[in-house]
Amino acid sequence: MKVVKFGGSSMADAGQYRKIRDILLSDPERRVVIVSAAGKRFKDDHKITDLLYLCYAHTQYGVDCSGVFQMIESRYLEIRDQLGLELDLEPEFADLKRRIDAKQVTQDELASRGEYFSARLMAAYLGFQFIDAADWVKFNFDGTVDQEATYEALRGQVRGLGAVIPGFYGLMPDGRIRTFSRGGSDITGALAAAALDAEVYENWTDVSGILMADPRIVEDPQTIPEVTYDELRELSYSGAQVLHEGTIFPVREKNIPLNIRNTNAPDDPGTIIQERFDQDSDPKRFITGITGKKDFTIISISKRGMSSQVGVLRRVLTVLERHNISVDYVPNGIDNVSVVVPTESVAASLYTILGEIQKEVEPDTLDVHDQIAVVAAVGRKMAFRPGISGQIFATLGQAGINIRMINQGPDELNIIFGVDNRDFAAAIRVLYNSFVK
Ligand code: ASP
């Protein structure tokens with residue numbers, strides 16, 4: 001069985017519901033469907049979840065939220081009517097409004113109603129069973145999920161053709177509704193896939209998977225067909241906007257592949273994320289993705305004889321720790337060590353930090369370079385292949401891009417280098433055009 005989750009933009013209007021039905025009909029294994037609240041239909045539209053939080057905020061300040069509530073209700077009734085469904089939702093909305101006015105609804109319960117009404121409508125439209133998330137997603141008092149109880153509660157509930165489940169929320173031990181953090185329907189989908197030992201967890205959204213590079217920099221970048229969780233972590237740490245790995249721990253634990261797909265282009269294969277790939281579908285390609293961030297500062301400390309002294313690095317790092325600054329990279333030479341930190345994080349305290357390093361390390365020179373960008377080429381296939389970094393740096397050199405620092409971890413999952421901010425986009429484009437295209 002496949003567990004499939006549809007995000008907000010896939011649930012935005014009746015037209016999207018029709019696309020979802022076609023996607024499900026094209027594969028009978030797609031039997032368990034997790035849905036988000038209705039998202040934006042166009043750029044300046046509202047997400048239902050945002051409106052629900054807004055409605056709650058009104059009541060907190062004693063302001064009537066009828067106008068906002070009306071917008072929410074009519075979005076759902078419109079979808080119902082356009083799909084020709086006979087679902088008597090008006091009494092449920094009226095009851096919810098009455099309870100809101102009587103201050104009987106918590107913020108989490110109200111926020112959860114977007115997913116709830118989406119799932120009711122989708123279940124009716126597909127002729128699938130509706131399973132409320134409150135009947136199986138079980139939170140502990142500390143807000144973590146009681147995984148075993150949750151899995152146990154879902155098993156046995158899925159009967160017949162298929163089921164639709166609202167994402168984003170579950171139940172606390174005291175019977176109150178609790179939501180995950182924003183975007184949390186991904187977690188519900190992952191929990192359902194893990195509970196049911198799904199063959200795959202398909203996460204349907206409005207892009208055809210994770211892109212190999214930022215489309216604002218590289219024109220029309222290709223999609224990453226296969227990526228491991230470790231690569232994904234590198235990509236998101238170094239700047240790519242991808243699925244938050246924290247949301248998918250249930251499927252990762254059970255080694256269930258996660259496939260990101262596009263509701264608006266259902267024939268695109270999307271991106272598959274899993275622990276490892278035993279077969280290499282494209283042996284010639286060794287870079288999985290290219291990403292990076294701008295605006296780093298390098299603090300460079302040189303002192304003759306440093307390499308034979310003990311504790312210099314510790315003293316430098318202690319100064320930064322005192323200022324609560326997290327260090328991204330520590331490239332070093334024989335008598336030099338540098339720390340690379342986001343410029344923003346040292347903006348307020350840079351001169352104090354330099355003063356303290358000066359006092360505690362007494363370096364011969366202490367330099368600061370800012371306007372530095374960090375670029376990461378990530379790829380599991382770079383490991384144990386000689387010559388890859390040589391090729392990368394030669395290509396950048398030919399393009400006239402000066403490299404300010406180089407960093408490669410011993411797991412060889414990535415090659416990270418620093419360039420001037422102004423060379424950032426060019427460096428990414430040069431790598432993409434030389435090694436991907
Ligand atoms: N609707 C919720 C949100 O907007 C949860 C989700 O869509 O995943 O954050």
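Order of listing sets the numbers, starting from 1, for every ligand and every atom in it.
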### Task
Determine whether the side chains of D423 and N402 contain a donor N or O and an acceptor N or O closer than 3.5 Å.
no

### Query
Has the side chain of R75 got a donor or acceptor atom that lies under 3.5 Å from a matching backbone atom of H46?
yes

### Query
Is a donor on one side and an acceptor on the other found under 3.5 Å between the side chain of N407 and the backbone of I416?
no

### Under 3.5 Å: N/O of F168 near N/O of ligand 1
no

### Query
Any N or O on T49 sitting closer than 3.5 Å to an N or O of ligand 1?
yes

### Query
So do the side chains of T271 and V227 get within less than 4.5 Å of each other, counting heavy atoms only?
yes

Can you sort out which atoms of ligand 1 are near [X], meaning under 4.0 Å from one of its heavy atoms?
{"X": "S36", "answer": "6 (C), 7 (O), 8 (O)"}
{"X": "E115", "answer": "1 (N), 2 (C), 5 (C), 6 (C), 7 (O)"}
{"X": "R182", "answer": "3 (C), 4 (O), 9 (O)"}

### Task
Can you label the angle between the F93 ring and the F117 ring as parallel, tilted or perpendicular, going by 30° and 60°?
parallel

### Message
Just to check, does G167 reach to within less than 4.0 Å of ligand 1 when the distance is taken from its heavy atoms?
### Response
no

### Query
Could a heavy atom of G184 be found less than 4.0 Å from some atom of ligand 1?
yes

### Task
Could you find the nearest protein heavy atom to atom 6 (C) of ligand 1 and give me its residue, atom name and distance?
S185 OG, 3.2 Å

### Message
Are Y169 and Y116, when compared by the centres of their aromatic rings, separated by less than 6.0 Å?
### Response
no

